[in-house]
Number of protein chains: 2
Amino acid sequence: MGKCEQCIIKQFNALKSLSKEELVRISNCKTTRVIKKGEVIFEEGEIINGVYCVKDGICKLSKLSENGKDQIVKMVVKGQLIGQRSLITEEASNLQAVALNDMEVCFIPRHEIINDLQTNPRFSYDVLKEMAHDLKEADDIIVNMAQKSVRQRLAETLVYIQESFGVNPDKTLSVLLSREDFANIVGTATESAIRVLSQFKKEGLISIIGKQIRIDDVEGLKRVE
Amino acid sequence: MGKCEQCIIKQFNALKSLSKEELVRISNCKTTRVIKKGEVIFEEGEIINGVYCVKDGICKLSKLSENGKDQIVKMVVKGQLIGQRSLITEEASNLQAVALNDMEVCFIPRHEIINDLQTNPRFSYDVLKEMAHDLKEADDIIVNMAQKSVRQRLAETLVYIQESFGVNPDKTLSVLLSREDFANIVGTATESAIRVLSQFKKEGLISIIGKQIRIDDVEGLKRVE
DNA sequence: CGCTTCATTGACGCAAGTCAACTAAGGTGG
DNA sequence: CCACCTTAGTTGACTTGCGTCAATGAAGCG
């Protein structure tokens, strides 16, 4: 099993602020898990009792609303942590995590990390920074949900995915999402998302290549009203 | 000027985890500000350079969307802190703060508190907890915005305000909001909010007494679909 | 007593939700 | 290898929630 002290992934998250000794300790009790596309990492309401560090792959964090629809709240890629929020508030998870492609994650049990959080100020300050960043993003999403049209939100989502998660060699989005996923990100019906996407295609803003989507006119998408 | 060490307000927020010495130091450089109803505490984009501790009153935190409408993201009452998020990410404020009634707030400049945040683990862990809680609330709001009707959101808002901020002796909501405020919380047009409110009134769920709103049937509101 | 700001109500149009039919693609077993 | 089934995607038709514009009423206020 790999060692946390040597893992480059930690450079991308708060774990970088842990001391060598702390990392060695964590390394000894962490478990690595391989997760297949579509598999559930943890359920909404589940007591996670630790955090996941994403070594590879990408997943979606979603919440089931009362009407039975899933709302995707955040997407998490290689290098980021999942589950910190619930760890800190000592609650069950408020979100479900599902892999969007094959993943590799390390699980760090609660008791190993909670102590560092309470005693290592550099580490907790780093986690604080990440959480503050997430909170700002969440505020922005609230405003978008409340004030913008489905068409506008979908356009912004496409640009966001391209800019945050990158593209394949053929310029298609590297993250492969179903139409339902798109709908669940922007908060609309699947059919509505489909219609808007095919409208974008008709307008020459995107191309649809097999299951992949390629953005042809980023500026155009940004100008969508 | 009052002294932080003796201020009971701090019991309600993370400041309670500061040591006596830290509080004395903060007390010496804090400034107290009286803010009238409707007054702006800080603007979106303003560099706050510190945090506000709300000693009395209530305010709204909102963000202007590109179409020119304000979206209220959070309401803050006596005992809570404002501006921690921006303090931590070292950015300008992403939100505007406006007093909903007469307020009294203490301003603690950045340089006095940032050090405590980086060295006092109890304190930063407390701030972390508050932020984690805010983040969960934000996630819930995202789901509501994306999946529920205006009618449903307004019903939930009314219940939320009653349960979080309490009622006057005559059972009316203690927080007085304009119709526009309600619209900006649920993310809709003012006229739509008005229509839904008068519908609730017609259905006997609420009463409108002068400028005040009284909830007559909490359960009924919770059942709204 | 006019002026301004907030609340209310009506009329109208459009964005988006819903239901339903149909196609395409992939997978499995006989 | 084909027949069958399942799942994802697509499109049309219909309905409706909600935004917008506009007119009017009510309430404070200098």
Side-chain angles (χ1 to χ4, degrees), chain A residues 36-38 60 65-71 98 100-101 143-157 172-173 175-203 206-213 224-225, chain B residues 36-39 60 65-71 98 100-101 143-155 157 172-173 176-203 206-214 224-225:
Chain A
K36 290 239 175 64
K37 176 177 174 170
K60 57 179 178 184
S65 80
E66 288 145 39
N67 62 22
K69 282 192 196 153
D70 239 23
Q71 177 64 37
V98 176
L100 287 171
N101 50 32
V143 177
N144 286 344
M145 287 295 178
Q147 309 275 5
K148 295 185 180 169
S149 66
V150 167
R151 180 175 156 84
Q152 214 168 348
R153 279 180 272 156
L154 190 45
E156 288 179 16
T157 300
T172 57
L173 299 182
V175 185
L176 183 58
L177 296 169
S178 68
R179 302 297 138 116
E180 196 180 0
D181 285 329
F182 279 113
N184 292 346
I185 293 174
V186 300
T188 190
T190 307
E191 297 95 321
S192 300
I194 290 177
R195 263 181 258 265
V196 175
L197 279 177
S198 65
Q199 183 61 30
F200 285 162
K201 183 183 164 188
K202 200 180 293 176
E203 294 172 20
I206 64 171
S207 301
I208 296 175
I209 303 165
K211 284 192 166 297
Q212 313 279 341
I213 289 178
V224 162
E225 299 238 340
Chain B
K36 290 239 176 63
K37 177 178 173 168
E39 215 176 297
K60 58 179 176 183
S65 79
E66 287 143 38
N67 64 22
K69 282 194 194 151
D70 240 22
Q71 177 64 38
V98 175
L100 286 171
N101 51 31
V143 178
N144 286 343
M145 286 294 177
Q147 309 275 5
K148 294 184 182 170
S149 66
V150 167
R151 178 174 159 86
Q152 215 167 346
R153 279 180 271 155
L154 190 44
T157 300
T172 56
L173 299 182
L176 183 59
L177 296 169
S178 67
R179 301 298 138 119
E180 195 181 359
D181 284 329
F182 278 113
N184 292 347
I185 292 173
V186 298
T188 191
T190 308
E191 296 94 323
S192 300
I194 290 177
R195 263 181 259 264
V196 175
L197 279 177
S198 64
Q199 184 61 28
F200 284 162
K201 184 184 165 189
K202 201 179 290 176
E203 294 172 21
I206 64 171
S207 301
I208 296 175
I209 303 164
K211 284 190 166 296
Q212 312 279 342
I213 290 179
R214 188 186 59 202
V224 163
E225 299 239 341

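Just so it is clear, the model here is predicted, and its values are computed rather than measured.
Between the side chain of B:Asn101 and the backbone N or O of B:Leu176 there is no donor-acceptor pair closer than 3.5 Å.
Within a 6.0 Å radius of CD in A:Glu203, other residues, nucleotides and ligands contribute more than 12 heavy atoms.
Within the 4.5 Å cutoff, the side chain of A:Asp181 has heavy atoms near those of the A:Leu100 side chain. Taking 4.5 Å as the limit, every side-chain heavy atom of B:Glu225 sits out of range of all side-chain heavy atoms of A:Glu66.
Of the listed nucleotides (D:dA13, C:dG17, C:dA16), C:dA16 has the atom at the smallest distance from the side chain of A:Ser149. Between C:dC19, D:dT20, D:dC18, one nucleotide has an atom nearer to the side chain of B:Val150 than all others, and that is D:dC18. Across D:dT20, C:dG17, D:dT11, the shortest atom-to-atom separation from the side chain of A:Ser192 is found for C:dG17.
Both A:Lys211 and A:Ala193 sit near DNA chain C, but only A:Ala193 has its closest nucleotide nearer the 5' end.
At whole-Å resolution of the value, CG in A:Asn184 and P in D:dG9 are 12 Å apart. With rounding to whole Å, B:Lys148 atom NZ is found 16 Å from C:dG17 atom P. Distance CZ (B:Phe182) to P (C:dT8): 11 Å, rounded to an integer number of Å. To the nearest angstrom, P of C:dC19 lies 9 Å from CD of A:Glu191. Per the geometry, CG belonging to A:Asp181 stands 14 Å off C1' belonging to D:dT7, to the nearest Å. In this entry the distance linking CD1 of A:Ile194 with P of C:dA20 reads 17 Å, nearest Å. When rounded to the nearest whole Å, the span between CD of A:Gln212 and P of D:dG9 equals 12 Å. One interatomic measurement links the two molecules: CD of B:Glu180 to P of C:dA7, which rounds to 8 Å at whole-angstrom precision.
Comparing the axis of the opening five pairs of the helix from C:dC1-D:dG30 to C:dG30-D:dC1 with that of the closing five pairs yields an angle of 30°, rounded to 10°.
Taking 3.5 Å as the limit, the base of C:dG10 and the side chain of B:Arg195 contain a donor-acceptor pair of atoms between them.
With no hydrogens or angles considered, no side-chain donor-acceptor pair links A:Thr190 and A:Arg179 at under 3.5 Å. A donor-acceptor contact closer than 3.5 angstrom is absent between the side chains of A:Glu156 and A:Gln152.
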### Message
For a side-chain contact (heavy atoms from CB on, under 4.5 Å) check, start with the C-alpha distance between A:Gln212 and A:Leu173, then their side-chain angles and the critical distance, and finish with the verdict.
### Response
CA-CA 7 Å; A:Gln212 313 279 341; A:Leu173 299 182; 5.8 Å; no

### Task
Using the side-chain contact (heavy atoms from CB on, under 4.5 Å) rule, take A:Val224 and A:Phe200 through it: C-alpha gap first, then chi angles, then the decisive distance, then the call.
CA-CA 10 Å; A:Val224 162; A:Phe200 285 162; 4.1 Å; yes

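Side-chain N/O atoms of A:Thr188 include one lying less than 4.0 angstrom from OP1 or OP2 on C:dG17. Between A:Ser178 and the phosphate of D:dA8, there is no side-chain N or O to OP1/OP2 separation shorter than 4.0 Å. At least one side-chain nitrogen or oxygen of A:Arg179 sits closer than 4.0 Å to the OP1 or OP2 atom of D:dT10.
Within 4.0 Å (heavy atoms only), B:Thr190 reaches no atom of the nucleic acid at all. If you check every strand for non-hydrogen atoms under 4.0 Å, A:Lys69 touches sugar and phosphate atoms only.
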